[in-house]
Amino acid sequence: MTIPPFPSRASSGMHAYRGRVLHFLGDPQFDPQAHACWDDGLLIVADGKVVNAGDATQLLRTLPPGTTVTDYRGKWIVPGFIDTHVHYPQTDIIASPSPGLLHWLDTYTFPEEQRFADGNHATGVASFFLDTLLRHGTTSAMVWSTVHKVSAEALFTEAARRDMRLITGKVLMDRNCPDALRDTAESGARDSADLIATWHGTQRLAYALTLRFAPTSSDAQLAACGELAQQHPDVFIQTHVAENHDEVRWVAELFPDARSYLDVYDRAGLLRKRAVYGHAIHLDDGDRQRLAESGAAVAHCPTSNLFLGSGLYDFHASDAHRLALTLATDVGGGNSFSMLGVMNEAHKVARLGGYHLSALRMFYLATRGAAEALGWADRIGSFAPGCEADFIVLDPHCTPLLVRRSAHCQTLEEHLFALALLGDERAVHATYLQGMRVHQA
């Protein structure tokens, strides 16, 4: 396998970045001291990895003579955002009008995804998609391809060229879908196994067994996916669960012996660590308990849930079961690639449920929280020594309104809240992958 070169490779030598440095040590919802912040901070990077982060006045004295120091004072230096549920084939149908999820799939998603049988088309969209993520400060993502093997290969190739840490997989779908998007239990398992052998663990890439959702997979396909999961315990699993009332009713009709929608996956052996379930809105406490026991994570997609009218995520119940929670854009059901925009909507969804979602926790969920849920906290999501130096620089002076609001912020929470509620891609001043700048506003 030959991957064409791309200019963003891990930087060599030591570099330092000075600014307001923030990262997380744990979940601020359960530990108010679970973050580290230096108003005048320094992030030190060598050979694409974090060496140290801390107070600039102390760390500057430790730098070898001649070390380049990039001055971002007045700006925030934070770990890159991690989007745990996003559909790259839906890039071109973002913001398409629809009365609900199932109509959205039939009218826009399925027709669009048929185009990804063409490898050239898939490559073009993949390239635009990844560059768009980087412009929005997303440095890692768990991404959906289509049923076509070539769609996953195109995305893997483009991510490898950029040295991005990325997860994807071909979709498994053998019923209740257009013929052009239908595989079989056997062909889907064979293609998935081939892609695992070729891509899983290559550079910073990983494979996800990817079931569209329970209604589009037969019992045979669910079983085949479960067998692959057992054979490859280090691969990821991604699917949708309990997003929409109509979808939940459909699953109950198709799987009358299952206790719940989530139970369909549980019986197939698909609840475990490294499994990420999109939405998870309409669950009961039994479902949440199983998620917690299994170590599977939830990708909360507030922009998509609001756009499609799917429902409001229950933060109180989620916390009661200590679910592994992450944030995600769910483009194209979600109408923005911005994780700041996701934070904005997540806060509002939480408020409608009588829950206060703090800015500190929102930034945690989009960085270290996601890394922990994926089992990658030793690699990304924080500035712990040895982590890959994927980070972003956020500018609180990117718009006139943010300038005025930031001038009146007194606390860390106020500063972050203003960025989350008023920021968008304009706030992303720079994006770095393994210490190499890949985007500059």
Side-chain angles (χ1 to χ4, degrees), residues 81-105 107-110 112-113 125 129-130 132-133 136-138 140-146 155 166-169 171 208 210-213 216 236-248 261 275-283 296-315 318 323-350 357 362 365-366 369-370 373-374 424-425:
F81 295 139
I82 304 168
D83 188 344
T84 56
H85 187 105
V86 57
H87 299 253
Y88 100 86
Q90 295 179 17
T91 299
D92 291 340
I93 60 167
I94 191 172
S96 295
S98 178
L101 171 64
L102 299 183
H103 175 272
W104 160 268
L105 291 174
T107 306
Y108 298 107
T109 303
F110 289 158
E112 178 65 19
E113 290 192 357
V125 177
F129 168 83
L130 293 175
T132 300
L133 290 185
H136 286 80
T138 296
S140 295
M142 192 171 194
V143 186
W144 287 67
S145 297
T146 69
L155 186 63
L166 182 134
I167 307 162
T168 195
V171 169
T210 304
L211 291 158
R212 164 71 69 182
F213 62 164
T216 51
F236 292 86
I237 297 166
Q238 62 178 347
T239 189
H240 301 83
V241 68
E243 177 179 359
N244 171 278
H245 284 301
D246 291 339
E247 169 207 16
V248 172
Y261 191 161
V276 178
Y277 284 83
H279 306 289
I281 300 171
H282 307 291
L283 302 178
V298 169
H300 174 41
C301 311
T303 55
S304 172
N305 298 156
L306 293 172
F307 173 71
L308 293 171
S310 297
L312 306 178
Y313 186 75
D314 189 334
F315 282 90
S318 182
L323 295 185
L325 182 63
T326 65
L327 295 178
T329 62
D330 194 25
V331 165
N335 60 352
S336 173
F337 282 88
S338 173
M339 292 295 285
L340 293 172
V342 169
M343 294 179 198
N344 184 334
E345 300 302 327
H347 176 78
K348 297 169 187 174
V349 165
L357 182 61
M362 290 190 286
L365 293 174
L374 296 172
D424 53 30
E425 71 177 293

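Numbering starts at 1 and runs along the sequence shown.
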Colleague: Tell me every residue that passes ring pair (Phe, Tyr, Trp, His ring centres under 6.0 Å) with His347, counting only those two or more places apart in sequence or in another chain.
Modeller: His356, Phe417

Colleague: Ignoring hydrogens and angles, state whether a donor on the side chain of Asp83 or Thr329 is under 3.5 Å from an acceptor on the partner side chain.
Modeller: yes

Colleague: For Glu113, enumerate each residue passing the side-chain hydrogen bond (donor to acceptor under 3.5 Å, both in side chains) test, keeping only those at least two apart in sequence or located in another chain.
Modeller: Arg212

Colleague: Please report the interatomic distance CG(Leu133) to CD(Glu425), rounded to the nearest 0.5 Å.
Modeller: 11.5 Å

Colleague: Any chance you could measure Leu105, atom CG, to Thr216, atom OG1, to the nearest 0.5 Å?
Modeller: 8.5 Å

Colleague: Judged by atom type as modelled, is there a donor-acceptor pair below 3.5 Å linking the side chain of Tyr261 to the main-chain atoms of Leu283?
Modeller: no

Colleague: List in chain and number order the residues that pass side-chain hydrogen bond (donor to acceptor under 3.5 Å, both in side chains) with Thr146, two or more places apart in sequence or in another chain; answer none if no residue qualifies.
Modeller: His148, Ser151

Colleague: Tell me if a side-chain donor or acceptor on Thr138 pairs with a main-chain N or O of Ser140 at a distance below 3.5 Å.
Modeller: no

Colleague: Looking only at the side chains, is there a donor atom on one of Trp104 and Thr109 sitting less than 3.5 Å from an acceptor on the other?
Modeller: yes

Colleague: Is a side-chain donor or acceptor of Thr168 paired with a backbone partner of Val143 at a separation under 3.5 angstrom?
Modeller: yes

Colleague: Could I get the full list of ring pair (Phe, Tyr, Trp, His ring centres under 6.0 Å) partners for His245, not counting sequence neighbours?
Modeller: His282

Colleague: The criterion is side-chain contact (heavy atoms from CB on, under 4.5 Å); which residues satisfy it with Thr132, sequence neighbours excluded?
Modeller: Phe128, Arg135, His136, Phe337

Colleague: Please identify each residue that fulfils side-chain hydrogen bond (donor to acceptor under 3.5 Å, both in side chains) with Asp246, with sequence neighbours left out.
Modeller: Arg249

Colleague: How close do Leu365 and Leu325 get, heavy atom to heavy atom, and via which atoms?
Modeller: CD2-O, 3.3 Å

Colleague: Determine the interplanar angle of the Tyr88 and Phe129 rings, folded into 0 to 90°, and report it as parallel if under 30°, tilted if 30 to 60°, perpendicular if over 60°.
Modeller: tilted

Colleague: For a quick test of your reading: what N or O donor-acceptor pairs under 3.5 Å do the side chains of residues 306-314 make, sequence neighbours left out?
Modeller:
unit_1: Tyr313; atom_1: OH; unit_2: Ser318; atom_2: OG; d: 2.7
unit_1: Asp314; atom_1: OD1; unit_2: His316; atom_2: N; d: 3.1
unit_1: Asp314; atom_1: OD1; unit_2: Ala317; atom_2: N; d: 2.9

Colleague: Ignoring hydrogens, what is the shortest heavy-atom contact between Asn335 and Ile94? Give both atom names and the distance.
Modeller: C-CD1, 3.7 Å

Colleague: So which atom in Ala242 and which in Glu247 form the shortest heavy-atom distance, rounded to 0.1 Å?
Modeller: C-OE1, 3.9 Å

Colleague: For residues 335-345, which residue pairs qualify under salt bridge (Lys or Arg N to Asp or Glu O under 4.0 Å), counting only residues two or more places apart or in two chains?
Modeller: Glu345-Lys348

Colleague: Going by side-chain hydrogen bond (donor to acceptor under 3.5 Å, both in side chains), name the residues that satisfy it together with Asp330, two or more places apart in sequence or in a different chain.
Modeller: His85, His87, His279, Ser304

Colleague: Ser145 and Leu155: which non-hydrogen atoms are nearest, and at how many Å?
Modeller: OG-CD2, 4.1 Å

Colleague: What residues form a side-chain contact (heavy atoms from CB on, under 4.5 Å) with Ala346, not counting sequence neighbours?
Modeller: His300, Pro302, Leu327, Leu357

Colleague: Which pair of heavy atoms, one from Ala373 and one from Thr326, lies closest together, and at what distance?
Modeller: CB-CG2, 3.5 Å

Colleague: List the atom of Gly341, the atom of Thr303, and the distance in Å for their closest heavy-atom pair.
Modeller: O-CG2, 4.1 Å

Colleague: Rounded at 0.5 Å granularity, tell me how far CG in Asn344 sits from OG in Ser338.
Modeller: 9.0 Å

Colleague: Could you give the distance from CG (Asn244) to CG (Leu102), rounded to the nearest 0.5 Å?
Modeller: 5.5 Å

Colleague: For Tyr277, which residues count as a ring pair (Phe, Tyr, Trp, His ring centres under 6.0 Å) partner, sequence neighbours excluded?
Modeller: Tyr265

Colleague: I'd like to check the side-chain contact (heavy atoms from CB on, under 4.5 Å) partners of Ala208; sequence neighbours left out, ordered by chain and number.
Modeller: Met142, Ile167, Thr210, Phe236, Gln238

